[in-house]
2 protein chains.
Amino acid sequence: MTATPTPRVTIKDVAARAGVSKGAVSLAFNRKPGLSEATRDRIFAAARELGWSPSTTARTLAGSRVDVVGLAVCRPARLLGLEPFYMEFISGVESVLVERSCALLLRLVRSPEEEVGLLESWWRGRQIGGSILVDFRSDDPRPAVARRLGLPVVAVGHPSLTGGLTSVWTDDATAVAEAVRYLAALGHRAIARVGGAAELGHTSIRTAAFDEAVGALEPATRAWQVATDFSGDAGARATRTLLAAPAGERPTAIVYDNDIMAVAGLSVAAEMGLRVPQDVSLLAWDDSQLCRLTRPTLSAMSHDVHGFGAEVARTLFGTLTGDGPGSHPVPTPVLTPRGSTAPP
Amino acid sequence: MTATPTPRVTIKDVAARAGVSKGAVSLAFNRKPGLSEATRDRIFAAARELGWSPSTTARTLAGSRVDVVGLAVCRPARLLGLEPFYMEFISGVESVLVERSCALLLRLVRSPEEEVGLLESWWRGRQIGGSILVDFRSDDPRPAVARRLGLPVVAVGHPSLTGGLTSVWTDDATAVAEAVRYLAALGHRAIARVGGAAELGHTSIRTAAFDEAVGALEPATRAWQVATDFSGDAGARATRTLLAAPAGERPTAIVYDNDIMAVAGLSVAAEMGLRVPQDVSLLAWDDSQLCRLTRPTLSAMSHDVHGFGAEVARTLFGTLTGDGPGSHPVPTPVLTPRGSTAPP
DNA sequence: GCCCCTCACTGAACCGGTAAAGTCTCAATT
DNA sequence: AATTGAGACTTTACCGGTTCAGTGAGGGGC
């Protein structure tokens, strides 16, 4: 990108105006000792008058902190656009970053390999001071990479997936179990789950938890699970397949892995002439505002996604300031019954 | 943020390994003339072996391009999470940025003033090479600021709003007119519009266009307009108010400014015992996948938001490489009739 | 009155690149 | 044989900060 026509004001100008050396200005702005109160004030005054603030670029180059956090998201763009989750998550992250006047470098990547490459070049190029890692898969290469590079990261995902990295996670297994128990308690004996992308670690966790929760119910209970790609279309397809079976051989309740798919499921049920919740109960996940806008409203496993993002950012700052690896569970999603669930 | 434990490989290492000066390495990596083919190859080989790529920080400081684009979004986080528009827009922007290995610096701000301050400090600190400006208001301060700073920007909004900056825009006025004409052609004589935030420039444009379009219809036609904040809740409230009037005194068709509000409207209509589209027609805007997931499906003014973002990014690159100010309209949203519109 | 310390601040080196000016070599021109 | 010029690099001076080894003044102790 091209040059700047603006006459930049630099540390030198401030130093000159305050009648000190640039070293002194640097000391003042980094709150380091060795300056008298008077000089410090004079320097700040000069900076204010000139409208100067230190260049992060120069600062970074000179070897101090990098106040940028990286976030690479690896999902097809088409889906990202739809997931209320991410925007809410990002806004939570941001809410903490701003307080520390730290910026978020966002990049959508197409493959885990591309993400690894990106992290390497970001880190080597000192573009970021740390990174948030999301969407863990089994045998995810990123823990090893982060460790090799010495890149400070926080992993969003269950500790079993994140290879010993500091992690922030929701207890999806417990939440799935709660969802299943809730539906069973309503009287459902034929429960399906429309899951997310199979390659994602948290999908496996939920899948296993679903199996286990169903196993703990009375033996006559039937269960189905389908993997999708999180898109509404996939959710609609999965729902159609599940509900196509004759009455008595199809699920009477369906749990979805996000809310977009649940919305899609709602329409499919209607299209097939089934009433929600009388003929089939639907339970969404993540609970964005969307769940309250449908008719019937969607019961959901709800979850403070904004707060989740904020906690992730806080944890990253902790890591950056020397906290050792740790595991930070955030509150388990809680069942929020609304209009889409009822006894069969 | 803390130091790096990684032994960094720099241009000097590459130079040493290739047996040249660092100036030569710089020439090679910037594809400048003055090096023999052989030397160039040797340098690239050395860089590859060492896994080196130039530090953008150092590059930036040394006064060449800054390969980061800024985007500050000023809307309450709560709403952002819901707007499929933004994520899709961002993914479109990204799709072009990656090709130029350029990053997107994203920040959510709370006020236009904060955004102006951010742009100043980003630019002064050489954090960004250019910026994308969205959500113009009347008397928006940003055109003046961008001009004063010499900050290369592209404004997303109608030229009448963007104060002479290079702009990329959709012809909302024409689209609104098309929507109104379509509804009128179906036979509607009582048409409402649930608009977005009143302070936003494009809302005013749509509001005026709606008035004008309605004025061109037969005199008996009645019209309503409501301003909201783009949230589903606000959309629901507005719809409820509009439809609360006795039959004959309420709109038979409603146009929404985004799709979230249209989804909300759908439920409100159902809740009030009105059938869509028989009793009331609904028309959404922006047409994310959501519109195809509801029942009935939502007719919408549809709009390639991803492509819009891509065009914005391309235009910004144009500006950065010296293109003068210009106005870049992207295709007008087109009416996509689905199940939510019909004759009254 | 001398020595030693501390405090407040300066100067220069450095971070990892870019860019412009300088040097060297060698072939073509006169 | 001397001049010129182009090509291929190297040297050097920044960019805007940070950091650290000085430096000089002033105060306290004896």
Side-chain angles (χ1 to χ4, degrees), chain A residues 1-4 6-43 46-47 50-67 121-127 129, chain B residues 1-4 6-43 46-47 50-67 121-127 129:
Chain A
M1 301 183 184
T2 49
T4 158
T6 320
R8 297 194 171 287
V9 24
T10 78
I11 198 174
K12 218 187 303 182
D13 306 314
V14 176
R17 175 156 197 142
V20 295
S21 69
K22 43 182 211 154
V25 178
S26 177
L27 289 181
F29 268 77
N30 292 298
R31 329 196 155 285
K32 296 208 175 159
L35 287 183
S36 67
E37 212 38 59
T39 311
R40 206 174 286 272
D41 291 348
R42 207 147 31 84
I43 290 172
L50 264 41
W52 178 82
S53 61
S55 146
T56 56
T57 310
R59 261 191 173 169
T60 299
L61 185 56
S64 59
R65 89 225 121 285
V66 182
D67 40 13
S121 83
W122 269 354
W123 177 241
R124 279 208 317 254
R126 308 207 57 165
Q127 301 242 77
Chain B
M1 298 181 186
T2 50
T4 160
T6 320
R8 297 196 170 286
V9 25
T10 77
I11 198 174
K12 219 187 301 182
D13 305 314
V14 176
R17 174 150 198 148
V20 296
S21 69
K22 44 180 213 156
V25 178
S26 176
L27 290 181
F29 267 77
N30 292 298
R31 328 199 155 284
K32 297 206 174 158
L35 289 183
S36 68
E37 211 41 57
T39 311
R40 205 174 285 270
D41 290 349
R42 208 146 31 84
I43 291 172
L50 265 40
W52 178 82
S53 60
S55 146
T56 56
T57 310
R59 261 190 174 171
T60 299
L61 185 56
S64 57
R65 89 224 121 287
V66 182
D67 39 15
S121 83
W122 270 353
W123 177 242
R124 279 208 317 256
R126 307 206 58 163
Q127 302 241 74

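Computed over heavy atoms, backbone and side chain alike; hydrogens, waters and symmetry mates excluded. Quick caveat: nothing in here was measured; it's all calculated off a predicted structure. Throughout, a chain's letter reflects where its sequence line sits, starting with A, and its residues are numbered from 1.
When the P atom of D:dT18 is taken as reference, atom CG of A:L61 falls 11 Å away, rounded to whole Å. Put simply, NZ on A:K32 is 15 Å from P on D:dG17, counting in whole angstrom units. Rounded to whole Å, the distance from CD1 on B:I11 to P on C:dA19 is 11 Å. In this structure, CG of B:N30 is placed 6 Å from P of C:dA19, rounded to the nearest angstrom. Atom pair B:R59:CZ and C:dA19:P shows a separation of 9 Å (rounding to whole Å applied). With rounding to whole Å, B:R31 atom CZ is found 16 Å from C:dT18 atom C1'. Rounded to whole Å, atom C1' of C:dG17 lies 14 Å from atom CD1 of B:I43.
The salt bridge (Lys or Arg N to Asp or Glu O under 4.0 Å) search around B:R17 returns B:E49, not counting sequence neighbours. Under the rule for a side-chain contact (heavy atoms from CB on, under 4.5 Å), the partners of A:S55 that lie at least two apart in sequence or sit in another chain are A:T57, A:A58. Remark: B:R40 engages no residue in a salt bridge (Lys or Arg N to Asp or Glu O under 4.0 Å) (not counting sequence neighbours). Here A:T56 pairs with B:Q127 under the side-chain hydrogen bond (donor to acceptor under 3.5 Å, both in side chains) rule; sequence neighbours left out.
Contact between the side-chain N/O atoms of A:W52 and the OP1/OP2 oxygens of D:dG17 is found at a separation under 4.0 Å. Side-chain N/O atoms of A:K12 include none lying less than 4.0 angstrom from OP1 or OP2 on D:dG16.
As judged by a 4.0 angstrom heavy-atom cut-off over every strand, A:S55 is placed among residues touching the sugar-phosphate backbone only.
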I'd like a table of donor-acceptor pairs (distance under 3.5 Å, sequence neighbours excluded) in which one partner is a side-chain atom from residues 29-36 of chain A, with atom names and distances.
{"unit_1": "A:N30", "atom_1": "OD1", "unit_2": "A:R59", "atom_2": "NH2", "d": "3.2"}
{"unit_1": "A:N30", "atom_1": "ND2", "unit_2": "A:S26", "atom_2": "O", "d": "2.8"}
{"unit_1": "A:N30", "atom_1": "ND2", "unit_2": "A:S26", "atom_2": "OG", "d": "3.4"}
{"unit_1": "A:S36", "atom_1": "OG", "unit_2": "A:T39", "atom_2": "N", "d": "3.2"}
{"unit_1": "A:S36", "atom_1": "OG", "unit_2": "A:T39", "atom_2": "OG1", "d": "2.7"}

Whether each nucleotide of nucleotides 4-12 of chain D has a protein heavy atom under 4.0 Å at its base (B), only at its sugar-phosphate (S) or at neither (-) is summarised, 5' to 3', as ----BBBB-
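For the pair A:D13 and A:W52, the minimum side-chain heavy-atom distance is 4.5 Å or more.
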